[in-house]
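As the structure is a computational prediction, the values presented were derived from the model and not from experiment. One is the number of the first residue; the rest follow in order along the sequence. In listed order, ligands and their atoms are each counted from 1.
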Amino acid sequence: MAIKITEECINCGACEPECPNNAIYEGGVEWAIADGTAAKGAYTLVDGSVVDADAKNAPVGVDTYFIVASKCTECQGFHDEPQCASVCPVDCCVADEAYVETVEALMSKKTALHG
Ligand code: SF4
Ligand code: SF4
């Protein structure tokens, strides 16, 4: 499943550069599937809707850093464990029960993002 950032986040920014999928954004920042990935054209999000990879989308959160679930692969294919959770000083990167995904699904997401 994807990882999410809770309201305990202290906005230190340590997690953002660690994400292999560029799935982490500072609060209030617009995000795009294509940011830091090789994705082009139509891309299906975890909620089933389809966006253009280059389209800018509304921030998921404003007050704290946030993770775009449609870009989070739980670091599958890159690292043994979620890197954001590894570096977070307040342990606020936790499993997002709203998006339970198999390893196979996470690897498919990685392929969709990076080819
Ligand atoms: S678990 Fe990995 S892919 Fe997901 S947001 Fe954290 S660093 Fe990025
Ligand atoms: S490392 Fe943790 S506290 Fe720092 S910005 Fe990321 S989620 Fe927030």
Side-chain angles (χ1 to χ4, degrees):
M1 62 192 80
I3 302 296
K4 68 178 178 182
I5 292 173
T6 73
E7 61 186 18
E8 309 297 316
C9 173
I10 57 172
N11 291 311
C12 73
C15 55
E16 185 181 3
E18 302 300 325
C19 181
N21 300 327
N22 207 332
I24 304 173
Y25 293 81
E26 189 172 1
V29 173
E30 292 187 327
W31 60 273
I33 291 294
D35 293 338
T37 75
K40 297 187 188 316
Y43 187 97
T44 303
L45 303 180
V46 286
D47 67 1
S49 62
V50 178
V51 298
D52 186 88
D54 287 311
K56 289 292 187 184
N57 302 281
V60 176
V62 175
D63 296 331
T64 65
Y65 277 70
F66 63 85
I67 290 171
V68 176
S70 294
K71 299 181 76 177
C72 175
T73 59
E74 219 177 301
C75 287
Q76 287 290 338
F78 292 103
H79 304 288
D80 291 338
E81 58 185 5
Q83 295 301 286
C84 50
S86 293
V87 301
C88 181
V90 294
D91 293 333
C92 69
C93 299
V94 301
D96 189 343
E97 304 291 344
Y99 299 110
V100 178
E101 298 160 292
T102 63
V103 171
E104 289 74 21
L106 292 167
M107 288 301 290
S108 294
K109 195 191 288 185
K110 173 183 179 280
T111 299
L113 290 169
H114 299 285

Original post:
Taking only residues two or more places apart in sequence, or in another chain, which ones meet His79 in a ring-ring contact (aromatic ring centres under 6.0 Å, His included)?
Top reply: none
Original post:
Can you list the atoms of ligand 1 that are under 4.0 Å from a heavy atom of Asn21?
Top reply: 3 (S)
Original post:
Under the side chain to side chain contact (heavy atoms under 4.5 Å, CB included) criterion, do Met107 and Thr73 qualify, and how do the steps go?
Top reply: CA-CA 7 Å; Met107 288 301 290; Thr73 59; over 6 Å; no
Original post:
Looking at Cys72 and Ala23, what are the two nearest heavy atoms and their distance?
Top reply: N-CB, 3.9 Å
Original post:
What residue and atom, counting heavy atoms only, is the protein's closest point to atom 8 (Fe) of ligand 1, and at what distance?
Top reply: Cys19 SG, 2.3 Å
Please report, to 0.1 Å, the donor-acceptor pairs under 3.5 Å made by any side chain of residues 50-65, with sequence neighbours excluded.
unit_1: Asp52; atom_1: OD2; unit_2: Asp54; atom_2: N; d: 2.9
unit_1: Asn57; atom_1: ND2; unit_2: Trp31; atom_2: O; d: 3.1
unit_1: Asn57; atom_1: ND2; unit_2: Ala55; atom_2: O; d: 3.1

**OP:** Could you check atom 2 (Fe) of ligand 1 against the protein and tell me its nearest heavy-atom contact, residue, atom and distance included?
**Re:** Cys75 SG, 2.3 Å
Subject >> Thr37 side-chain N/O to Ile33 backbone N/O, donor-acceptor pair under 3.5 Å >> reply: yes
Subject >> Any residue meeting side-chain hydrogen bond (donor to acceptor under 3.5 Å, both in side chains) with Ser108, in chain and number order, not counting sequence neighbours >> reply: none
Original post:
Which atoms of ligand 1 have any heavy atom of Pro82 under 4.0 Å away?
Top reply: 1 (S)
Subject >> Under 3.5 Å donor-acceptor, Tyr43 side chain and Leu113 backbone >> reply: no
**OP:** For a side chain to side chain donor-acceptor pair (under 3.5 Å) with Tyr25, tell me which candidate from Glu30, Glu16, Lys71 qualifies.
**Re:** Lys71
**OP:** Considering heavy atoms of the protein only, find what lies nearest to atom 4 (Fe) of ligand 1 and give residue, atom and distance to 0.1 Å.
**Re:** Cys72 SG, 2.3 Å
Original post:
Which atoms of ligand 1 are found less than 4.0 Å from any heavy atom of Ile67?
Top reply: 5 (S)
Subject >> Distance below 2.8 Å from atom 6 (Fe) of ligand 2: protein N/O/S atoms >> reply: Cys15 SG
Subject >> Non-hydrogen atoms of Val87 and Cys15 that approach each other most closely >> reply: CG2-CA, 3.7 Å
Subject >> Atoms of ligand 2, numbered as shown, that sit under 4.0 Å from any heavy atom of Pro89 >> reply: 1 (S)
Original post:
Counting each atom of ligand 1 from 1 as listed, which ones have a heavy atom of Ile3 under 4.0 Å away?
Top reply: 1 (S)
Original post:
Which atoms of ligand 2 are found less than 4.0 Å from any heavy atom of Val90?
Top reply: 3 (S)
Original post:
If every non-hydrogen atom of Lys109 is compared with every non-hydrogen atom of Glu101, which pair is closest and at what distance?
Top reply: NZ-OE2, 2.9 Å
Original post:
Which protein heavy atom lies closest to atom 3 (S) of ligand 2, and at what distance to 0.1 Å?
Top reply: Ile10 N, 3.4 Å
Original post:
Nearest heavy-atom pair of Val46 and Ser70: which atoms, and what distance?
Top reply: N-OG, 2.9 Å
Subject >> For Thr73, atoms of ligand 1 separated by under 4.0 Å from a heavy atom >> reply: 3 (S)
